[in-house]
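Computed from a predicted structure; not experimentally measured. Read the numbers this way: they start at 1 and go in the same order the structure lists the ligands and their atoms.
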Amino acid sequence: MKDYKINTKCVQGGYTPGNGEPRQIPIIQSTTFKYATSEDMGRLFDLEAEGYFYTRLQNPTNDMVANKICELEGGSAAMLTSSGQAANFYAVFNIATCGDHVVASNSIYGGTYNLFAVTMKKMGIDFTFVSPDASEEELSAAFRPNTKAMFGETIANPALTVLDIEKFARVAHAHGVPLIVDNTFPTPVNCRPIEWGADIVTHSTTKYMDGHAAGVGGCIVDGGKFDWMKYADKFPGLCTPDDSYHGITYAEKFGMGGAYITKATAQLMRDFGSIQSPQNAFLLNLGLESLHVRVKRHCENAMAVASFLQKHDKVSYVNYCGLETDKYHALAEKYLPDGSCGVVSFGVKGGRKAAETFMKNLKLGAIETHVADARTCCLHPASATHRQMTDEELEACGVYPDLVRYSCGIEDAEDLIADLAQALDSIS
Ligand SMILES: *Cc1c(COP(=O)(O)O)cnc(C)c1O
C-alpha cells in the first residue's frame with residue numbers, strides 16, 4: 001500500500017485478502033488462540049515468533065486496523081488502544097517514568113491536560129507546559145536533564161491553535177528526545193506529522209476516524225526514525241534488558257522501527273490492558289474507509305460556517321485557521337494546505353449567558369461532549385469539559401468563558417448556517 005495515495009490507503013490499507021478470503025476485515029471475536037504444542041506457545045511468549053495468544057496483548061482484527069492507520073501516517077509500527085486517553089498515556093509512559101520530566105504544549109485537550117498535570121504527576125512524572133507559540137529559546141529553556149519527551153497537538157482541541165511541528169521537532173531533537181504529536185483533529189488525510197519530523201503520533205480514533213460516534217478508541221503510531229540507542233542512558237526501558245520480559249532489550253531486538261510499539265504492547269498492554277475490542281476496531285475500519293471523503297466535507301462546511309460567523313454582529317471572534325485573518329493561517333498554509341478540520345470555535349457577544357441562550361436554540365447542532373461526528377454538535381467548554389479549570393487556567397490555554405465549540409458535521413452547509421442564524425437571532 002506504501003506507494004498509493006492517501007485516499008486509496010483509507011479504503012484498502014491494512015488488509016489485503018488472499019484467494020477466497022473475506023473481502024471485509026474479519027472480526028476475530030476470540031480472547032485466546034490455540035496451539036499444537038507448549039513449545040509453539042513458548043516462542044510467542046519469548047517474542048521469538050510472531051502470532052497471537054491472548055487478545056489483551058494483540059488481536060488480528062485490531063492489527064489490521066492499526067496497520068491501516070500506520071500506512072496512513074507513514075509510520076513503522078502501530079497499535080490500537082481502548083481510547084485516546086489510553087493512547088496518550090501509553091505514548092508518554094512508554095518512555096517516561098517516576099522521576100522523569102516531559103515538556104508539553106499548554107494548548108491541548110482538557111482530558112490530556114488533566115492526565116498529565118494531575119494523574120501522571122501523582123505517578124512522579126513532572127510536566128512543564130509551554131505555549132505552542134513560544135520561541136525555540138523559550139522552548140529549550142523548559143528542558144531539564146531528566147526530560148524524556150515533548151508533546152503537542154497538531155490542531156488543539158478546543159483552542160484550535162496550530163502546532164509548528166518542525167519547530168517543536170527541532171527543539172526536541174536538540175535535547176535528544178522524541179516529539180509526540182496528537183494528530184486527532186486533522187487526521188492523516190490533512191496532515192502527517194511524521195513527514196514534518198514528529199517521532200510518535202497519537203489519535204483519539206473516537207473522533208473523525210470513527211466519525212459516526214459509534215466507538216471510543218485510540219491509536220499510537222511510531223515513525224521509526226528515533227534512534228533510542230543513541231540516547232541509551234535516557235531510555236533504559238528500551239535500551240537495557242526488560243527483566244519482566246525474559247531479559248529482552250527492545251531497541252536491540254526490534255530496532256528503531258519496532259522497539260517502541262513492541263515495548264508498549266508487551267509491557268504496557270500486558271499490565272494495564274487498555275485494549276480495543278475487535279468489534280470496535282471493525283467499526284473504526286468502516287469509518288476509515290470513508291475518512292478522506294468525510295474530512296473534505298467537514299472542512300468545506302467549517303469554512304462556510306466560519307466565514308458566516310465572522311461577518312455576524314453577535315459574534316465577537318472566530319477561531320478557524322482556514323480564515324485568512326486567523327492567527328494560525330500561515331502555519332495552516334504550511335502544515336494543512338488541503339484543509340484543517342471541521343471544528344470552529346467562536347465567542348458570542350454577551351458572554352457566558354448569551355452563549356447558553358444560543359446553544360439552547362440550536363436545532364441541528366446538538367449539545368454533546370463530542371466533536372468530529374458526521375452530525376453537527378456543539379459545546380460550551382467553560383461549563384462542561386473544562387469546568388474543573390480556573391479562569392486563569394482557561395485563559396492560559398485559550399478557552400475563554402464565552403467560547404463555543406461548534407463541530408461541523410457533513411450535513412448541507414446552507415442548513416447549518418440557517419440554524420446558526422436563527423440561534424444567534426434568539427439572543428436578546
Ligand atoms: C477526544 C480527544 C482525546 C481523548 O480521546 P478519547 O478517545 O475520548 O479518550 C485526546 N486528544 C484529543 C485531541 C481529543 O480530541
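- Using a 4.0 Å cut-off to heavy atoms of G217, the atoms of ligand 1 that qualify are 7 (O).
- Relative ring orientation between Y90 and F272 is described as tilted, the plane-to-plane angle lying within the 30° to 60° band.
- Applying the side-chain hydrogen bond (donor to acceptor under 3.5 Å, both in side chains) test to every pair with at least one member in residues 70-82, sequence neighbours left out, gives these pairs: E73-N183, E73-H203.
- Of the protein's non-hydrogen atoms, the one nearest atom 5 (O) of ligand 1 is S204 OG, 3.0 Å.
- Taking any N or O of Y109, backbone or side chain, none lies under 3.5 Å from an N or O belonging to ligand 1.
- Aromatic ring pairs are classed by plane angle as parallel below 30°, tilted from 30° to 60° and perpendicular above 60°; the pair H298 and Y208 is perpendicular.
- Of the protein's heavy atoms, G84 N, 3.4 Å lies nearest to atom 6 (P) of ligand 1.
- Aromatic rings of H101 and F127 (six-membered ring for Trp) have centroids beyond the 6.0 Å cut-off, not under it.
- Considering backbone and side-chain N/O of V216, none are found under 3.5 Å from N/O of ligand 1.
- Each of the following atoms of ligand 1 lies closer than 4.0 Å to a heavy atom of E153: 13 (C).
- When side chains are defined from C-beta on, I180 counts as touching T202, because their heavy atoms get closer than 4.5 Å.
- Residue nearest to atom 1 (C) of ligand 1, selected from K207, Q85, H203: K207 (by heavy-atom distance).
- Looking only at heavy atoms of the protein, atom 12 (C) of ligand 1 is closest to D182 OD2, 3.5 Å.
- Of all heavy-atom pairs between L160 and C341, the closest is CD2-SG, 4.3 Å.
- Both tests do not hold together for K148 against F226: distance to the six-membered ring centre under 6.0 Å, angle to the ring axis within 45°.
- With ligand atoms numbered from 1 in the order given, ligand 1 contributes 14 (C), 15 (O) to contacts under 4.0 Å with heavy atoms of N157.
- If you number the atoms of ligand 1 from 1 as listed, the ones under 4.0 Å from a heavy atom of T206 come out as 6 (P), 7 (O).
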